[in-house]
Each structure stands twice: as C-alpha cells, then as structure tokens.
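Right, one structure below, let's go through it.
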Amino acid sequence: MEIPEILIIGAGPAGLTAGIYAARSGYNVAIVGKGIPGGQVTQVREVENYPGFAEPVNAFKLAKAIEQQTRGFGCAIESGEATGLTCTDNIIEVQTTLGILKPEALIIATGVEPRQLCVPGEQELRGRGVSYCAVCDGPLFKNKEVAVIGGGDSALDESLYLSGICSEVYLIHRRDQFRGTRIAEKRVRSKKNIHLILSSIVTAIKGKETVKAIEITKRKDNTRTILPVSGVFLYVGSVPSTQWCRSAVELDGHGFVKTDDRLRTNVSGVFAAGDVRKTYLRQIVTAVGDGALAAMMAHDYLAEKH
Ligand code: NAP
C-alpha cells in the first residue's frame with residue numbers, strides 16, 4: 001500500500017467524510033477500515049434524522065453513497081485494522097494488518113463498538129441467539145419471541161424494527177425511564193407486540209446450543225423470573241475502539257480520545273473525529289461534521305509544516 005500523506009483509520013461516516021475533504025484538498029489520502037465502509041450506519045435499517053431526506057433513507061444506501069463519493073475524489077479505502085500507534089520525534093507510525101504506515105498526519109475515526117452486558121451465557125451463545133445487530137440477525141427470528149435490552153435510542157429503534165418481524169418483543173430496561181428520544185418511546189409504547197419490562201436487569205442468558213430463555217431480576221426486590229425467548233438483542237451502549245492507540249494519545253476516563261476544538265489530540269499531527277472522541281453527541285451528522293473539520297485541520301497542519 002502506498003504511504004499516504006494523510007492516513008485515516010476508520011471507515012464510518014467520520015472517516016469517509018475526512019477522506020472526501022482531504023482528497024478534495026489535493027492530498028494523497030487513504031482510509032484503513034474494518035468491515036464494510038459505513039461503520040455503524042450499516043447496522044441499522046433506515047435513518048430519518050439525516051438532513052436532506054424528507055423520508056427515512058435506507059441506511060445501507062446512505063453508507064454506500066458516502067463510500068462512492070469518497071472513492072470518487074480519489075481516496076483509497078483499504079480493508080484492514082490498526083493494531084498499534086507509536087508517535088516519537090514527530091514520526092507517526094501506525095501498525096496495521098496491512099503493514100506499518102508512516103503518514104504525515106493521522107485522523108483517528110475508529111468509532112465505537114457494542115458494550116457487552118457481561119452476564120453468564122452472553123459469550124457462549126453469541127451468534128447463536130445473542131446478537132448486537134437487529135438488522136443483521138432479526139430476520140432469523142421471524143415469528144419468534146425475542147428480548148431487547150437497553151433504554152437508549154438503539155434499543156427503542158431496534159425494538160420497533162423487530163416488532164415487524166418477531167411475534168413478541170420484550171424490551172427490558174434497568175430503569176423506569178428511557179434515555180432515548182420521546183418520539184421513539186411513543187412509537188414503541190404504541191406497538192401491541194412490544195412488552196416493556198422496566199426497572200429490571202437481565203442476569204443470565206440460558207440455553208445449550210441456542211438461546212432458550214433469559215433470567216430477569218427485578219431491581220426492587222431482587223425477585224427472579226425466567227422468560228422463554230429465542231433471541232436476545234443487546235443495546236446497552238458502546239465503548240470506544242481505542243485499544244490500538246491508547247498508549248500514544250490521551251484518552252478520557254471512559255477511553256474516548258481527548259481533542260481540542262480543532263480536533264487535535266495531544267500528539268502533533270494526530271487528530272480524532274466522530275464517535276471515538278470525547279464529545280456530547282454521537283450522531284451521523286456530528287460524525288460527518290467532525291470528519292470535515294479534522295481533514296481541514298490536518299490540511300492546516302501540513303501546510304504549516306511544509
Ligand atoms: P445509549 O444512549 O448510551 O443507551 C444505552 C442504554 O443501555 C441506556 O439506557 C443504559 O441505561 C443501558 N445500559 C448501559 N449499561 C447497561 C447495563 N450494564 N445493563 C443494562 N442496561 C445498560 O446507547 P445507544 O442507545 O446505543 O445510543 C448511542 C447514541 O446513538 C445516542 O446518542 C443515541 O441518541 C444515538 N442514536 C440515535 C439514533 C437515532 O437518532 N435514531 C438511533 C440510535 C442511536 P441507563 O439509561 O440507565 O443509563
């Protein structure tokens with residue numbers, strides 16, 4: 001792989017938009033990303049709050065369109081993974097599955113990954129009834145009973161999606177109030193086959209070959225019940241994908257990359273954009289805004305350097 005002047009790690013909306021802006025500014029730029037370009041956007045069915053679309057837009061098509069636009073400006077998108085980062089004496093060295101890359105500027109846009117619930121049965125039954133992606137796995141549970149765990153927008157949106165496929169959806173949340181938007185909550189409450197189980201936690205996922213049931217514990221009195229389900233969809237938030245760069249750039253207490261208002265990290269020439277950085281809102285619009293800003297700040301950095 002040719003060494004780019006600007007290297008972007010992560011091919012979600014932040015990384016792809018950074019690629020568009022950096023390539024349009026005339027730089028030799030490459031993105032290295034895991035999986036299909038589009039990041040988390042490829043894990044949902046449709047998006048209804050991205051400006052420019054009066055009707056909900058198919059998420060996969062949106063991701064594909066951003067990818068094509070990025071490639072159209074000459075930005076390479078390589079499939080690979082960053083495994084380490086070393087920054088010494090103004091030299092940025094990224095260890096990747098494609099080899100060691102030494103760009104002049106680096107944009108970290110690796111986003112987040114699903115948080116694990118960490119209960120017995122979760123790891124053992126992963127891919128055999130335990131899922132973190134309703135769009136990917138939902139159709140496997142047609143006319144079956146499933147549980148969704150979480151109280152944010154992801155849990156609400158994906159419960160709605162699953163209610164159109166599965167016979168019954170049990171939405172289990174640890175508090176009696178949702179964290180997600182009111183509009184999503186209202187839609188969930190209006191669905192006859194979505195059953196809310198609030199102030200309760202899932203304490204085990206049961207089954208030998210596949211998921212057969214979950215154990216639910218009421219927080220008020222610790223009473224335990226067994227609910228038979230065929231699938232469990234976990235939406236209990238996310239954690240930043242920063243293992244690979246944590247020894248080189250400064251992170252906050254939760255592992256998100258700290259940046260200033262120009263998206264500079266504590267390391268000269270290294271920027272961060274999108275969900276991976278410490279920020280107050282994690283949406284597609286904020287990710288694409290970050291991607292644009294990080295690319296332009298990388299441009300300013302390189303212009304000054306040369
Ligand atoms: P989130 O907003 O962080 O919600 C995570 C949920 O999981 C919370 O309700 C939390 O409970 C619960 N939780 C966390 N740890 C738990 C545990 N150990 N056991 C049980 N429950 C646990 O995550 P998200 O729903 O994935 O959303 C992430 C971001 O993406 C948000 O900013 C959201 O608005 C955005 N998003 C937007 C859309 C949209 O615009 N349509 C769709 C999806 C996501 P507590 O509430 O008690 O903390």
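Start at 1 and go down the list; that is how both ligands and their atoms are numbered. One-based numbering along the sequence shown.
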As an exercise, state the distance from [atom1] of [X] to [atom2] of [Y], rounded to the nearest 0.5 Å.
X: Leu281; Y: Thr286; atom1: CG; atom2: OG1; result: 4.5 Å
X: Ile214; Y: Leu117; atom1: CD1; atom2: CG; result: 10.0 Å
X: Cys245; Y: Leu251; atom1: SG; atom2: CG; result: 6.0 Å
X: Tyr21; Y: Thr70; atom1: OH; atom2: OG1; result: 11.5 Å

Problem - Polar proximity ligand 1 side, Leu281 side, N/O cut 3.5 Å exclusive - result: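 Min N/O separation from ligand 1 is not below 3.5 Å for Leu281.
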Practice task
Give the intermediate values and the outcome of side chain to side chain donor-acceptor pair (under 3.5 Å) for residues Glu215 and Thr203.
Solution key: CA-CA 6 Å; Glu215 178 189 81; Thr203 36; 2.7 Å; yes
Tell me, which protein residue and heavy-atom name are nearest [atom], and how many Å apart are they?
atom: atom 3 (O) of ligand 1; value: Gly237 CA, 4.0 Å
atom: atom 7 (O) of ligand 1; value: Val236 CA, 3.2 Å
atom: atom 35 (C) of ligand 1; value: Gln283 NE2, 3.3 Å
atom: atom 41 (N) of ligand 1; value: Asp157 OD2, 2.9 Å
atom: atom 1 (P) of ligand 1; value: Arg179 CD, 4.0 Å
atom: atom 9 (O) of ligand 1; value: Gly151 N, 3.0 Å
atom: atom 10 (C) of ligand 1; value: Arg174 NH2, 3.8 Å

Exercise for the section: Could you give me the CA-CA distance, side-chain angles and deciding distance for Glu81 and Thr97, then say whether side chain to side chain donor-acceptor pair (under 3.5 Å) is met? Expected result: CA-CA 5 Å; Glu81 196 176 338; Thr97 49; 5.9 Å; no
Handout entry: Qualifying residue for side-chain contact (heavy atoms from CB on, under 4.5 Å) with Gln95, from Thr86, Leu85, Leu101
Key =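 The passing option is Thr86.
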Handout entry: Under-4.0 Å salt bridge between Glu67 and Lys64
Key =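 Looking at Lys64 together with Glu67, the answer is yes, because their closest N to O distance falls below 4.0 Å.
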Handout entry: Steps toward side chain to side chain donor-acceptor pair (under 3.5 Å) verdict (Asp176, Ser199)
Key = CA-CA 5 Å; Asp176 62 358; Ser199 304; 4.7 Å; no
Practice task
Determine, using heavy atoms of His173 and all atoms of ligand 1, whether some pair is separated by less than 4.0 Å.
Solution key: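 It does; at least one heavy atom falls under 4.0 Å.
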Proximal ligand 1 atoms for [X], defined as those under 4.0 Å from one of its heavy atoms:
X: Arg175; answer: 45 (P), 46 (O), 47 (O)
X: Ser154; answer: 24 (P), 25 (O), 26 (O), 27 (O), 43 (C), 44 (C)
X: Tyr235; answer: 6 (C), 7 (O)
X: Asn49; answer: 39 (C), 40 (O)

Practice task
Assess Arg282 against Phe256: is NZ or CZ under 6.0 Å from the centre of the six-membered ring, and within 45 degrees of the ring's axis?
Solution key: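 That pair qualifies as a cation-pi contact.
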Practice task
Evaluate the ring planes of Tyr27 and His299, with Trp represented by its six-membered ring, and classify them as parallel (under 30°), tilted (30 to 60°) or perpendicular (over 60°).
Solution key: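 Plane angle over 60°, so perpendicular.
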Heavy atom under 4.0 Å from ligand 1: found in [X]'s side chain, backbone, both, or neither?
X: Asp153; answer: both
X: Leu117; answer: side chain
X: Arg282; answer: backbone

Problem - Within-cutoff protein neighbour (heavy atom, under 4.0 Å) for atom 28 (C) of ligand 1 - result: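 No, because not a single protein heavy atom sits under 4.0 Å from atom 28 (C) of ligand 1.
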